Trainee: 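Got a structure here, written out as structure tokens. Questions coming.
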Amino acid sequence: MSAERITMRQIREILRQKWVHGRSHRAICVSVGVSHGAVSGLLARATVTGLDWARAQTLDDEALEALLYRKSEKGADLRPAPDPAYIHAERSRPGVTLELLHLEYLEKNPNGYRYTQFCELYRRWARKRRLSMRQVHRAGEKLFVDYSGKKPHIVDPKTGEVIDVELFVAVLGASNYTYVEATRTQQIADFIGAHVRCFEFLGGVPRDVVPDQLKSGVTGACRYEPQIQRTYEELAHHYETTILPARPAHPKDKAKVERAVQLVQRWVLARLRHRTFFSLAELNAAIAELCDELNDRVMRTYGATRRQLFERLDKPALRVLPQERFVFGEWGHARVNIDYHVDVHGHYYSVPHGRAHDTKSGERVTVDTRVTHATVEIFLRGERIASHVRHHERGRHTTCPEHMPLAHRAHAEWSPSRIIGWAKTIGPETATLVEAILTERRHPEQGYRSCLGILRLSKKYGGERLEAACARAVAVRARSYRHVDAILKNGLDRVALPASADESTRVVTHENVRGPGYYH
């Protein structure tokens, strides 16, 4: 692979965004958090191998990596760089565009950079000069989201404590249509939930979502290659949108939402300052009313309301909501224990015993876990290997029989009634002995092995002899596998039992028997 290491999850996301959504290299770089060279190199490899999205979905991570990176890496990039100062000066001339300048650049340098990278090199130079670029917002393209620095609050009805809550704000680029919601925190569960409800409020999904680089959405804040939080990325997959985090400390990247937050603080928070709310639902109901008023207010610049622009511009361009609502899942890591179970919030869930160890090194593997309110899913190298109903009892185990080795499964399937039923097929004396052994043990499971050992003696000695041996064992109260095995080995099963219990326990009078009086 190239010097820059990209994960298989990032590789699949790059291919999806390029082949399914037709995004530019630059947009993919910002969304996935990798360099332009990594995107270009990956797509070039995919083209050479003849890979397409349909085939990529059928390959596991190892097969896809082997297909894309089976050849050696190319040498360093020696293409001549364009002159950004010359490009900037020429762009001020009437009718001169970046496309024209790129064609002239290629005439001099046939092996030079393609158009996307040519423009990227110029934009990087322009950013250093702190030039501002007017953003053109297309219908249904971008939804800008952020949290307000000024917070509303609710009052605990029991204690009277004043609790600050967060204010989530989202605004569409083309129409300025605004959504506002109060959430308990900025943590990932509240952050994702606010997005889901926002999409439902809009009645569709924009092409891109532009958040700030807060921890709930971006695990690795970076100006060039931000790392998207996994659940946030999963949300984007579900709604077929793309996350494009704004650069840190660059409010102009999300000027729309910065202005919307300021407007919400004045139009919503200021008007609620004299009201007291005792629940989040009560607060959100009041916010929704004021938000509707805001969206129905005529904007002087456009001569129309946000709602009117939304109905005319953004709404027809939004993607259709999926049939199923996104279910929040918390991702984590866990190491498979020696008993092929993983610890998830104190409860243990099984995985297939054959996947508990690495096939090459023999070491126990580390898996990814996804926990929702109802299920627990376990993934190994991107493949789901187990799914369970979620349980909250700490220290307990949830085990699928299919995950167990055959020997463990056979043992787990035994029960007292099943063992006694098998014993009855040999004879009543055998059943009596087995039942007595299971009854004597504090836990029936402690007698399983002893009973199974006795019953398996029928394979060596036959059922008739085993029945006779069990009859003798019952008579002399010898309730163990060792006793029955000794009776059969010594042929005592063929010796007739005493006529009665009295005869078998009769005291023998003999000169060598001293009797109890001797010890007094």
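Keep in mind that this is a model prediction, so the values were computed, not measured.
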Trainee: Side-chain contact, heavy-atom cut-off 4.5 Å: Thr178 with Leu172?
Mentor: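 Thr178 does not reach Leu172 side chain to side chain.
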
Trainee: Using 4.0 Å as the upper bound for N to carboxylate O, is an ion pair formed by Glu383 and Arg355?
Mentor: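 Result for this pair is yes, salt bridge flagged.
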
Trainee: Is it the case that the side chain of Tyr349 and the backbone of His391 share a donor-acceptor pair, with hydrogens and angles ignored and the cut-off at 3.5 Å?
Mentor: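 Checking the backbone N and O of His391 against the side chain of Tyr349, a donor-acceptor pair under 3.5 Å is found.
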
Trainee: Give a yes or no on whether the backbone of Ser350 and the side-chain of Thr399 come within a donor-acceptor separation of less than 3.5 Å.
Mentor: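 No, the answer is negative, given that no donor and acceptor are paired below the 3.5 Å cut-off.
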
Trainee: Only counting residues at least two apart or in another chain, list the ones meeting ring-ring contact (aromatic ring centres under 6.0 Å, His included) with Phe168.
Mentor: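 Applying ring-ring contact (aromatic ring centres under 6.0 Å, His included) to Phe168 gives Tyr147, His195.
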
Trainee: Given 3.5 Å as the limit, does a donor-acceptor pair link the side chain of Asp314 with the main chain of Gly140, or not?
Mentor: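 Side chain of Asp314 to backbone of Gly140, a donor-acceptor pair under 3.5 Å: yes, one is there.
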
Trainee: Please report the closest heavy-atom contact between Leu15 and Ala46, naming both atoms and the distance.
Mentor: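 Nearest heavy atoms, Leu15 then Ala46: CD2-CB, 4.2 Å.
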
Trainee: Should Arg307 and Asp292 count as side-chain neighbours, where that means a heavy-atom distance under 4.5 Å?
Mentor: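 Heavy-atom side-chain distance check passes, below 4.5 Å.
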
Trainee: Is there a side-chain contact between Ile287 and Val264 in this structure, where contact means two heavy atoms from C-beta onward sitting under 4.5 Å apart?
Mentor: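 Not in contact.
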
Trainee: What are the two closest heavy atoms between Pro245 and Val30, and how far apart are they?
Mentor: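 Here Pro245 and Val30 meet closest at CD-O, 3.7 Å.
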
Trainee: Within the supplied structure, the quantity of interest is the number of heavy atoms (other residues, nucleotides, ligands) at a distance under 6.0 Å from Gln187 CD; does it exceed 12?
Mentor: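 Counting neighbours around CD of Gln187, 12 or fewer heavy atoms of other residues, nucleotides or ligands fall under 6.0 Å, so no.
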
Trainee: Does some side-chain heavy atom of Arg114 sit less than 4.5 Å from a side-chain heavy atom of Leu106?
Mentor: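 They are in side-chain contact.
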
Trainee: Checking side-chain contact (heavy atoms from CB on, under 4.5 Å) against Tyr113, which of Cys119, Pro80, Ser40, Pro82 comes through?
Mentor: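 Of the listed residues Cys119, Pro80, Ser40, Pro82, the side-chain contact (heavy atoms from CB on, under 4.5 Å) partner of Tyr113 is Pro82.
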
Trainee: Between His21 and Glu240, do the side chains contain a donor N or O and an acceptor N or O under 3.5 Å apart?
Mentor: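 No donor-acceptor contact under 3.5 Å links the two side chains.
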
Trainee: With a sphere of 6.0 Å drawn around CD of Glu393, does it hold more than 12 non-hydrogen atoms of other residues, nucleotides or ligands?
Mentor: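 Yes, the 6.0 Å shell around CD holds more than 12 heavy atoms from other groups.
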
Trainee: Okay, side chain of Arg312, backbone of Ser175: is any donor-acceptor separation there less than 3.5 Å?
Mentor: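 Not at all, since once roles are kept as given, no pair shorter than 3.5 Å links the two residues.
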
Trainee: If we only count heavy atoms from C-beta on, is the Thr97 to Glu99 side-chain gap below 4.5 Å?
Mentor: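 When only atoms from C-beta onward are counted, Glu99 and Thr97 do touch, with a gap below 4.5 Å.
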
Trainee: Is there a side-chain contact between Asp146 and Val169 in this structure, where contact means two heavy atoms from C-beta onward sitting under 4.5 Å apart?
Mentor: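 Answer no - side chains too far apart.
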
Trainee: Can you tell me if NE2 on His392 sees more than 12 non-hydrogen neighbours from other groups inside 6.0 Å?
Mentor: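 Atom NE2 in His392 is packed in, count exceeds 12.
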
Trainee: Taking the six-membered ring for Trp and the single ring otherwise, decide whether the centroids of His347 and His388 are under 6.0 Å apart.
Mentor: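 They do not qualify: ring centres at least 6.0 Å apart.
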
Trainee: Is Phe310 close to Asn295 at the side-chain level, that is, under 4.5 Å between some pair of heavy atoms?
Mentor: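 In short, these two side chains do not touch, never coming nearer than 4.5 Å.
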
Trainee: Identify whether the distance between the nearest side-chain nitrogen and carboxylate oxygen of Arg9 and Asp61 falls below 4.0 Å.
Mentor: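 Salt bridge absent between Arg9 and Asp61.
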
Trainee: If we count only N and O atoms by modelled type, under 3.5 Å, do the side chains of Gln262 and Arg259 hold a donor and an acceptor together?
Mentor: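 On atom types as modelled, these side chains qualify, holding a pair under 3.5 Å.
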
Trainee: Using a strict 4.0 Å threshold on nitrogen-to-oxygen distance, state whether Arg16 and Glu13 make a salt bridge.
Mentor: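 Between Glu13 and Arg16 there is a salt bridge, with a charged N closer than 4.0 Å to a carboxylate O.
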
Trainee: Per the salt bridge (Lys or Arg N to Asp or Glu O under 4.0 Å) rule, which among Arg138, Lys142, Arg23, Arg319 passes with Asp208?
Mentor: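 For Asp208, the salt bridge (Lys or Arg N to Asp or Glu O under 4.0 Å) check succeeds only for Arg23.
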
Trainee: For Ile87 and Phe118, work out which heavy atoms get closest and say how close.
Mentor: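 Smallest heavy-atom distance, with atoms named: CD1-CZ, 3.4 Å.
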
Trainee: Might you point out which heavy atoms bring Thr231 and Phe326 nearest each other, and give the distance in Å?
Mentor: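 Residues Thr231 and Phe326, closest heavy atoms: O-CZ, 4.1 Å.
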
Trainee: Should Phe191 and Gln229 count as side-chain neighbours, where that means a heavy-atom distance under 4.5 Å?
Mentor: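 Phe191 does not reach Gln229 side chain to side chain.
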
